[in-house]
Amino acid sequence: MFGVVQDMPQVSEAEYRLVESHLGPDRPAGLLAHVSGPMDGGWRVINVWSSEDDFRRFQSERLIRAAGLAAQSGLDPTKAARFTALTVSGEDMPF
Amino acid sequence: MHQLEYWNDYAGESWARNAGGLEGLNAALGARALDVAAAQPGEHVIDVGCGTGATTLALAEQVGPTGRVLGMDLSSPMIEVARQLRAEAGMRWVGFMEADVETAALVADSFDLAFSRMCLMLLDDPVRGARTIAGALRHGGRLVATTFRSAADNPWLPLVVMGAVPYLDGLPPLPLPGEPGPFAFADPARPHHVFTEAGFVDVHVEPLDTVMKPDGAPEDVAGLLIQLGPAGGSYLRAAEDRQAAARAGVLKLLAAYRDGDGQLSLPNGSWLITARRP
């Protein structure tokens with residue numbers, strides 16, 4: 001399993017939803033859980049994936065494109081460019 | 001994609017083909033470091049990740065014909081351009097070596113100064129690379145290097161990717177935190193640890209803020225910027241209309257970074273790293 005915590009300082013919920021709207025309707029392959037919500041002055045996304053490869057594929061094939069489309073349609077691109085990510089690799093729970 | 005493959009595939013070929021324009025972009029990233037390095041006449045200098053050799057030749061100007069400068073890069077097409085520029089400059093005291101600093105066999109204790117512009121954060125094992133550099137320096141020899149800070153300090157880098165990719169066929173896998181990539185040294189503790197672990201002393205990591213003001217029409221500059229990064233391969237494979245759309249997409253996202261004359265003016269946040277072999 002592979003976890004990613006992505007913090008986007010200064011990004012509002014509306015701006016996050018704009019990016020989300022460009023991701024398309026299909027659930028990303030390998031995405032097990034998704035939680036997002038406000039953090040201090042920004043927005044935090046926590047995703048758990050079946051594997052690191054699933055996340056990498058989602059990032060390079062969909063997420064960056066969606067952020068680019070959101071930036072073209074109104075998201076302040078400098079906000080989209082300011083993010084940090086924490087990743088965690090580990091095993092599934094034994095039950 | 002491994003760095004060796006990346007820099008000998010489209011990236012290296014693209015940088016080699018556009019050496020003049022790209023140096024116009026990158027010159028600001030190394031100018032201050034060259035001043036700090038202050039290579040002296042007669043010194044022996046190694047330039048790690050020399051690319052097409054502009055910094056190597058600048059260091060050669062500083063040391064003069066009584067000195068020696070060795071430029072090293074793992075990109076075959078870029079080293080080929082560097083050798084051509086050296087021949088045109090008539091600088092016989094400059095040599096170039098196609099090698100990866102992590103595995104290169106360098107003569108021990110042979111350089112007074114190691115210089116590197118925007119390379120060391122790309123190494124798979126930067127401590128190993130730094131150890132190679134330390135071993136090649138004489139005791140008391142100095143290191144001067146620049147690396148990128150974070151994406152937030154260099155917003156043009158992610159903006160170029162985001163601006164271009166909606167019009168292109170995807171990207172190669174992007175680096176995760178801590179992996180080799182432009183922002184691998186974003187936390188100043190990382191380069192400090194790397195060079196200390198490699199045996200350097202007096203390791204200083206200081207912010208260096210510059211502004212890149214590339215010459216040329218902004219649309220042409222946008223094309224170069226796309227080719228610099230992970231969207232470069234997709235861009236070069238794309239049809240002309242898609243390439244034009246990608247350039248326009250980049251310029252739209254970089255609108256905040258146009259000066260009064262409409263030229264791009266891109267803030268760049270680097271670390272200036274200095275250290276010494278004991």
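What you see is a predicted model, and the numbers here were worked out from it, not measured in a lab. Lettering follows sequence order; numbering is per chain, from 1.
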Subject >> Contacting region of B/Asn154 [heavy-atom separation from chain A under 4.5 Å] >> reply: neither

Subject >> Residue pairs involving residues 169-193 of chain B (criterion ring pair (Phe, Tyr, Trp, His ring centres under 6.0 Å); sequence neighbours excluded) >> reply: none

**OP:** Enumerate the residue pairs fulfilling side chain to side chain donor-acceptor pair (under 3.5 Å) with a member in residues 37-52 of chain A, sequence neighbours excluded, ordered by first and then second residue.
**Re:** A/Asp7-A/Arg44, A/His34-A/Asn47, A/Ser36-A/Trp43, A/Ser51-A/Asp54, A/Glu52-A/Arg56

Original post:
Between B/Tyr235 and B/Arg242, do the side chains contain an N or O donor and an N or O acceptor separated by less than 3.5 Å?
Top reply: no

Subject >> Region of A/Gln72 in contact with chain B, defined by heavy-atom distances below 4.5 Å >> reply: both

Original post:
Less than 4.5 Å apart, any side-chain heavy atom of B/Val36 and any of B/Glu206?
Top reply: no

**OP:** Let me know if B/Leu157 has heavy atoms under 4.5 Å from chain A in its side chain, its backbone, both or neither.
**Re:** neither

